[in-house]
2 protein chains.
Amino acid sequence: MEDPCKARQVLGIVGDKWAMLVVRMLKDGPRRFTELKRSVEGISQRMLTVTLRDLERDGIVTRTVLAVMPPHVSYELTPMGRTLREATAPLLEWSIEHLPHIDAARAAYDNR
Amino acid sequence: MEDPCKARQVLGIVGDKWAMLVVRMLKDGPRRFTELKRSVEGISQRMLTVTLRDLERDGIVTRTVLAVMPPHVSYELTPMGRTLREATAPLLEWSIEHLPHIDAARAAYDNR
DNA sequence: CGGTATCCTCAGTGATACTG
DNA sequence: CAGTATCACTGAGGATACCG
């Protein structure tokens with residue numbers, strides 16, 4: 001809470017353009033690559049792969065490959081991934097409450 | 001909490017490379033431009049200006065100019081800014097608890 | 001002191017094509 | 001299906017210089 005370096009590191013994870021949107025889609029259980037691709041609107045195949053690799057590397061998701069044809073790969077939040085998701089919940093609640101105010105503030109600011 | 005679009009918008013604010021670090025430095029009261037420049041390590045003058053403008057536009061900080069020479073400009077969190085800061089607190093706590101695990105997970109992943 | 005104005009670079013991202 | 005490989009581009013951000 002006191003160390004700005006930690007703040008910087010969390011930003012490296014949650015500040016990522018796609019990471020939290022992917023984590024979000026995994027909150028109700030494992031999902032396959034293509035499911036994620038469909039549900040995270042606007043993400044490219046490449047960025048989904050990159051994002052999932054990073055999350056896997058950080059111990060936030062697991063990657064499970066079923067050696068069948070065609071391939072079947074599913075991703076799931078680790079216990080740590082679930083705690084991360086919970087830690088971001090207040091922020092989502094905040095956004096629901098305040099985003100309209102922000103839009104209003106912006107409009108007011110731009111009218112000058 | 002359900003709308004992915006909102007998640008995207010919050011990311012636009014908290015996901016910014018510098019915004020949360022600046023907000024953090026304002027948590028104990030108003031700070032002057034140069035104070036912020038010194039305390040947010042590594043930020044350029046340009047990015048501090050840009051970041052503060054955005055935060056002001058979004059209604060998260062106020063900008064107060066004292067028309068003296070030399071100029072004196074101080075920034076302060078708005079009430080909404082303070083609620084934002086509170087909403088990010090769980091994330092900071094999470095980081096203190098889990099960042100070591102993440103480092104370990106990365107090291108393990110890279111050793112392959 | 002607290003900015004703006006410019007220029008420039010490069011990391012992040014998308015598009016596309018190919019593959020086990 | 002779930003990637004990898006390449007290329008090309010854009011814009012976030014640094015460096016520098018100047019200003020009220």
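It should be emphasised that the depicted structure is a prediction, and the values quoted were computed from it without experimental measurement. The chains referred to below are lettered A, B, ... by the order of the sequence lines, with proteins before strands, and numbering in each begins at 1.
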Rounded to whole Å, how long is the line connecting atom [atom1] of [X] with atom [atom2] of [N]?
X      : N       : atom1 : atom2 : answer
K17(B) : dG14(D) : NZ    : P     : 5 Å
M69(B) : dG3(C)  : CE    : P     : 13 Å
E35(A) : dG3(D)  : CD    : C1'   : 16 Å
I43(B) : dG13(D) : CD1   : P     : 9 Å
L52(A) : dG3(D)  : CG    : C1'   : 11 Å
L66(A) : dA2(D)  : CG    : P     : 10 Å
F33(A) : dG3(D)  : CZ    : P     : 5 Å
L48(B) : dA12(D) : CG    : P     : 17 Å

Output yes when at least one side-chain N/O atom of [X] is less than 4.0 Å from OP1 or OP2 of [N], else no.
X      : N      : answer
R46(B) : dA5(C) : no
Y75(A) : dC1(D) : no
R31(B) : dG2(C) : no
R63(B) : dG2(C) : no

Among [options], which nucleotide has an atom closest to any side-chain atom of [X]?
X      : options                  : answer
M47(B) : dG14(D), dG3(D), dG20(D) : dG14(D)
T49(A) : dT4(D), dG14(D), dC1(C)  : dT4(D)
R32(B) : dG3(D), dT4(C), dG2(C)   : dG2(C)

Problem - Side-chain donor-acceptor contact under 3.5 Å, R31(B) with Y75(B) - result: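 No donor-acceptor contact under 3.5 Å links the two side chains.
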Give the minimum heavy-atom separation between [X] and [Y], together with the two atoms involved.
X      : Y      : answer
S95(A) : K6(B)  : OG-CB, 4.1 Å
A19(B) : I13(B) : CB-O, 3.5 Å
K17(B) : L11(A) : O-CD1, 3.9 Å

Practice task
Side-chain contact test, heavy atoms from C-beta onward, threshold under 4.5 Å: evaluate it for M20(A) versus L84(A) and give yes or no.
Solution key: yes
Handout entry: From OG1 (T64(A)) to NE2 (H72(A)), nearest 0.5 Å
Key = 9.0 Å
Exercise for the section: Fit a plane to each ring of W94(A) and H98(A), take the angle between them on a 0 to 90° scale, and name the class: parallel (under 30°), tilted (30 to 60°) or perpendicular (over 60°). Expected result: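 Taking H98(A) first and then W94(A), their aromatic rings lie parallel (interplane angle under 30°).
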Problem - Closest-nucleotide ordering on DNA chain C, the 5'-leading residue of D16(A) and Q45(A) - result: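 Result: D16(A).
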Practice task
Would you mind reading off the bend of the helix from dC1(C)-dG20(D) to dG20(C)-dC1(D) from its two end axes, five pairs each, to 10 degrees?
Solution key: 50°
Practice task
For W18(A), enumerate each residue passing the ring pair (Phe, Tyr, Trp, His ring centres under 6.0 Å) test, keeping only those at least two apart in sequence or located in another chain.
Solution key: none
Practice task
Please work out if K37(A) contacts a base, only the sugar-phosphate, or nothing of the nucleic acid, heavy-atom cut-off 4.0 Å.
Solution key: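 Touches nothing.
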Exercise for the section: Pick base, sugar-phosphate or nothing for P70(A), based on heavy-atom distances below 4.0 Å to the nucleic acid. Expected result: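 Touches sugar-phosphate only.
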